[in-house]
Novice: 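This is the structure, below, for whatever I ask next.
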Amino acid sequence: MKRPVLVFRQFGNKGYSLFNCLGREVVCSVLSVATLTYASAESVSTNPVVTDSVATTTAREMMLDEVSVTGSRAPLTKSQAARMVTVLDRADIAQAPVQSVNDLLKYAVGVDVRQRGPMGAQTDISIRGGTSEQVILLLNGINICDPQTGHNTMDLPVDLSDIVRIEVIEGPAGRIYGTSSMAGAINIVTKKGGERREVRGKRNDSALQMHAEGGSFGYANLGLRYSLTSHLSQLTSSLSANYARSDGWSRSKAGRLNTDYSGAKGFYQGGYESEAVRLDWHLGVSDKGWGSGTFWASPQWQADEQYEHTTKWFSAIQGHTKQGPLHLNACLYWNQHRDRYEGYRGQPEKMKYNYNRTNVYGVSAGGYFDWQAGRTAFGAELRNEDLVSGNLGEPLSQPHHIKGTDRDYTLGVNRTNISGYIEHNVLLPQVTVSAGLVAVKNTWSNMNMTIYPGIDVSYSPTPQWKLHASYNTSLRMPSFTEMYYKLQGYSANPHLEPEEMQAIELGSTLHCSPLTIHTALWHHHGSNMIDWIMDTSKGSEAGWQSVNHTTLNSIGVEAGAQLSIVNYQLSINYSYIHQDKQQEENIVSQYALEYLRHKLTAKVQTQITQRLSWGLYFRWQDRMGSYTDFDGQKHDYEPYAVVDSRLTWTQATWLAYIEANNLFDTTYRDYGLVPQPGRWFTVGFSISL
């Protein structure tokens, strides 16, 4: 009889992760470190544990880095990376009382999540005091940003159950991701085709996984995920689908629902892996519509029945070689974004609907190799962005019909971004140095080839203590909306130049089990910053104009601590930001220092019994800036605190949970004219068959 072979594919960041992989209760008195000699995997640290010289009864926890992270062009494990990367892993996703990726990112202390609608309806994501246009969003390393506008970037084709981890890089990342990564980057990593071990935190090797939840405001969510192949096959694939809807939490003056939501998404992912090569491909779609209420209203235009509908397609194929001294990689992708905006819902005769369609094509190739001086990476990317629209762009030589309507796309714009990069990593036992540059040229702005350098350095004086320092630069091309929007008193400038950012950061991480402490001090200097401004000296003729107007200096401090004691996990994180913006007399800025000066997050997670777990999440934030209400009164943003909680019961093949969001019914606003919902409850379950 041949015994089955047990293959360890991934480890968590705990010393007991080896036993978790077995899915059984393991009792032991002595475990030799040699047991782990053959438990290595690609991108897993296999450095041996050093025995303490003094006899103690407490063994030091061995830290196994789960996977390579995206803090550099060349693949490095988290322990090797010179740049600090915040990772929200499977445990974070499973335990959090959230309904979308947008909600999950609220608990990342350096991330500002400004919602116009919860449950993934419409959200702006920014990092370290930037704007939603200054953050690059990636799906498995593929840039999925919409060049039309950053407001709909978070329309994702994946459900929370599809996600392995979310990586957040704070600060400029130009040499890693090129354009758009001016203030930071967010990379969403999904499960590979054969990974069928988790639905909202429940590990199981079943092929079919389903989950359903419902709650306040008519909220309902139904999803499933099916893995088509076994772990032993070279070909892997999976298919997931999800549908969600809500009645919304408010009504218009006419008494109609105006913050309702409904949407569906589907995601297919496949892969092939041999000893020589790894190929991955995906195809996803997101289709949703939501009542936009007062999302884009103003004191001059008090519309409270707006509506928007978006459809997005995502596709990519990636490959890399695994053998030989030179590791090559290549990628080909296509994303399409369709948007329909209704200023007055269902009333095109009152205001014409605004239609936009963006196609983004990209191809990249590169590689890396190891030699005596370290690891060197190189490559290039070509990205074409094409927009046809009803009100954005230049007149088209030949109109394009808008499917399902009697109208045509009459305007459009096309631009191509070309970039090349080189990076070198010096990997020493206590020191990592990662330095490189990206050279960028964009066809539309007639910009010259411009170089943006960066360097990250980390030093570990002891195995528990890590110091890091960095200097990085980046840029952002203006969105098509910033270049061409000309409605409701707005006049855009098609000749905007790229925004540019320089940043310095110092930080440290101390891990003394069971306590981890991290700190960071950073400074950002932005030039050619794009802003909408109004010259009030023009009186009644004054209007909003998009210009490269502002120089912005930001300084910030971040600190946090995580503590694990028996069945309790506790964490607290704090961020402080101060911005100094260049101002001129008679000039009013639309983005006048609206950022989170203070943000504090905390959570407690505990295992009450073997089956029952409970988590309590707290978030307090104080935003700078002000807004004008419909009566013309000016208000400063008020600080607010929100408490969320989740209670979970786990069985062998299923789990059930109840969540409470905004538990104390706090009244708050992320955007001045859009009040957020009060307390709401959600109940749900997931099952593996």
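For the single chain, residues carry numbers from 1 onward in sequence order.
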Novice: Can a donor-acceptor pair be found between the side chains of R597 and H578 at a distance below 3.5 Å?
Specialist: yes

Novice: Checking side-chain polar atoms at under 3.5 Å, does R476 have a donor or acceptor matched by the opposite partner on Q134?
Specialist: no

Novice: Does a side chain donor of either T481 or T149 reach within less than 3.5 Å of an acceptor in the other side chain?
Specialist: no

Novice: List the residues meeting side-chain contact (heavy atoms from CB on, under 4.5 Å) with S470, not counting sequence neighbours, and say none if there are none.
Specialist: D456, N472, E505

Novice: Please tell me whether D162 and S240 have a donor and an acceptor in their side chains that are separated by less than 3.5 angstrom.
Specialist: yes

Novice: Could you check whether H327 and T321, counting side-chain N and O atoms only, form a donor-acceptor pair closer than 3.5 Å?
Specialist: no

Novice: Under 6.0 Å from the CH2 atom of W313, do we count more than 12 heavy atoms belonging to anything else shown?
Specialist: no

Novice: Which residue is it: Y368, W371, F369? I am looking for the one with a ring pair (Phe, Tyr, Trp, His ring centres under 6.0 Å) to H424.
Specialist: W371

Novice: Which label fits H598 and Y576: parallel for a plane angle under 30°, tilted from 30 to 60°, or perpendicular past 60°?
Specialist: tilted

Novice: Could you tell me if W465 and S460 have a donor-acceptor pair between their side chains, going purely by distance under 3.5 Å?
Specialist: no

Novice: Will you find, in the side chains of S315 and N335, an N or O donor that is under 3.5 Å from an N or O acceptor?
Specialist: no

Novice: Could you label the plane-to-plane angle of the F314 and H337 rings as parallel, tilted or perpendicular, counting under 30° as parallel and over 60° as perpendicular?
Specialist: perpendicular

Novice: With sequence neighbours left out, write down each residue that passes side-chain contact (heavy atoms from CB on, under 4.5 Å) with Y107, or none if nothing qualifies.
Specialist: P97, V98, Y617, D644

Novice: With distance as the sole criterion, is a donor-acceptor pair present between the side chains of T509 and H518 under 3.5 Å?
Specialist: no

Novice: Can a donor-acceptor pair be found between the side chains of N414 and N384 at a distance below 3.5 Å?
Specialist: yes

Novice: Taking atom types as modelled, find out whether S286 and D155 have a side-chain donor-acceptor pair closer than 3.5 angstrom.
Specialist: no

Novice: Tell me which one of R114, R623, K581 satisfies salt bridge (Lys or Arg N to Asp or Glu O under 4.0 Å) with E594.
Specialist: R114

Novice: Distance only, no hydrogens: is a donor on one side chain within 3.5 Å (strictly under) of an acceptor on the other, for E381 and Y421?
Specialist: no

Novice: Classify the side-chain pair R225/S238 by whether it contains a donor and acceptor separated by less than 3.5 Å.
Specialist: yes

Novice: Give a yes-or-no answer on whether the side chains of E385 and N359 include a donor-acceptor pair shorter than 3.5 Å.
Specialist: no

Novice: If we ignore angles and hydrogens, is there a donor and acceptor under 3.5 Å between the side chains of N425 and S434?
Specialist: yes

